[in-house]
Amino acid sequence: MKIEEYISTSEEETKKIAEDFSKKIKTGDVVVLNGLLGSGKTFFVKKVAEFFNLSNSSSPTFAIVNEYQGKIKIFHLDFYRINSIEELYDIGITDYLTDSTSVVFIEWGELFEEVLPKSRYEISFSINEDDSRKIIINKYE
Ligand SMILES: Nc1ncnc2c1ncn2[C@@H]1O[C@H](COP(=O)(O)OP(=O)(O)OP(=O)(O)O)[C@@H](O)[C@H]1O
Ligand SMILES: [Mg+2]
């Protein structure tokens, strides 16, 4: 079900959208971010982490899972460089997805849709001709 649709013409507007979304989420939620390279997925997650004043507590060279800690815990996963579902099981995907104490964001989640829980947010990002971003937030129960 579509719950929000926005056009963002600046980083500042996307920051505001990310802040509004931050107020909706709770621990245990899974949020999938889909959309082409450079459409704003990482930017969005960083603004959510900033909203909660979290600091990045993972090694910058560890590209698949980023961890943000503070008042809440966010795992930020990126499936882009994952080649097979076995790799996902090797990094412990099931543990992340069932961790009721954190919020999990997954960039490029659609690449391995079969591992995703049915109940999740899905945010799609696209780039318009004028370089603005269309951001659609869906919620599936
Ligand atoms: N309205 C906007 N909202 C968000 N980002 C914008 C906007 N306009 C321009 N940008 C720029 O678009 C880029 C988005 O980069 P970002 O790394 O978030 O993309 P991404 O979707 O994560 O890409 P990838 O799939 O490669 O990981 C940033 O450089 C940001 O400054
Ligand atoms: Mg990214």
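Remember, it's 1-based here, ligands and their atoms both numbered in the order they're listed.
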Quick one: nearest non-hydrogen protein atom to [atom], plus distance?
{"atom": "atom 12 (O) of ligand 1", "result": "R133 NH2, 2.9 Å"}
{"atom": "atom 17 (O) of ligand 1", "result": "T42 CB, 3.7 Å"}
{"atom": "atom 2 (C) of ligand 1", "result": "T14 OG1, 3.4 Å"}
{"atom": "atom 13 (C) of ligand 1", "result": "G38 O, 3.7 Å"}
{"atom": "atom 26 (O) of ligand 1", "result": "L37 CD2, 3.2 Å"}

Could you point out which residue of K16, K15, K23 forms a salt bridge (charged side-chain N to carboxylate O under 4.0 Å, His left out) with E19?
-> K15
For G35 and ligand 1, answer yes if some heavy atom of the residue is under 4.0 Å from a ligand atom, otherwise no.
-> no
Taking C-beta and beyond as the side chain, do I127 and R133 meet within less than 4.5 Å on heavy atoms?
-> yes
Note, I136 side chain near N138 side chain (heavy atom, < 4.5 Å) = yes
The Mg ion (ligand 2) - closest N/O/S atom in E107 | OE1
So is T9 polar-close to ligand 1, meaning N/O to N/O under 3.5 Å?
-> no
Would a 4.0 Å cut-off, counted as strictly less than, catch a protein heavy atom around atom 29 (O) of ligand 1?
-> no
Rounded to the nearest 0.5 Å, what's the gap from CD1 on I17 to CD on E4? Could you check?
-> 9.5 Å
Hey, could you give me the OG1/CD1 distance between T101 and I72, rounded to the nearest 0.5 Å?
-> 10.0 Å
Search all heavy atoms of V30 against all heavy atoms of P117 and return the closest pair with its distance.
-> CG2-CG, 3.8 Å
Under 3.5 Å, is there a donor-acceptor pair between the E107 and H76 side chains?
-> yes
Using a 4.0 Å cut-off to any heavy atom of [X], which atoms of ligand 1 qualify?
{"X": "F43", "answer": "4 (C), 18 (O)"}
{"X": "E107", "answer": "22 (O), 27 (O)"}
{"X": "S10", "answer": "1 (N), 2 (C), 3 (N)"}
{"X": "L36", "answer": "21 (O)"}

Do side-chain atoms of N34 reach the backbone of E110 as a donor and acceptor pair under 3.5 angstrom?
-> yes
Would you check if the side chain of K41 reaches a backbone N or O of L36 as a donor-acceptor pair within less than 3.5 Å?
-> yes
Specify side chain, backbone, both or neither for Y80, according to which of its non-hydrogen atoms lie closer than 4.0 Å to ligand 1.
-> neither
Under 4.0 Å between heavy atoms, the region of S132 that gets near ligand 1 turns out to be neither
Does Y80 bring an N, O or S atom to under 2.8 Å of the Mg ion (ligand 2)?
-> no
Answer with yes or no after comparing the ring centroid distance for F79 and W108 against a 6.0 Å cut-off, counting only values under it.
-> no
Going by the angle between their ring planes, with limits at 30° and 60°, are F125 and F44 parallel, tilted or perpendicular?
-> perpendicular
Of the listed options E11, E12, K41, K46, closest to atom 31 (O) of ligand 1 (non-hydrogen atoms) = E11
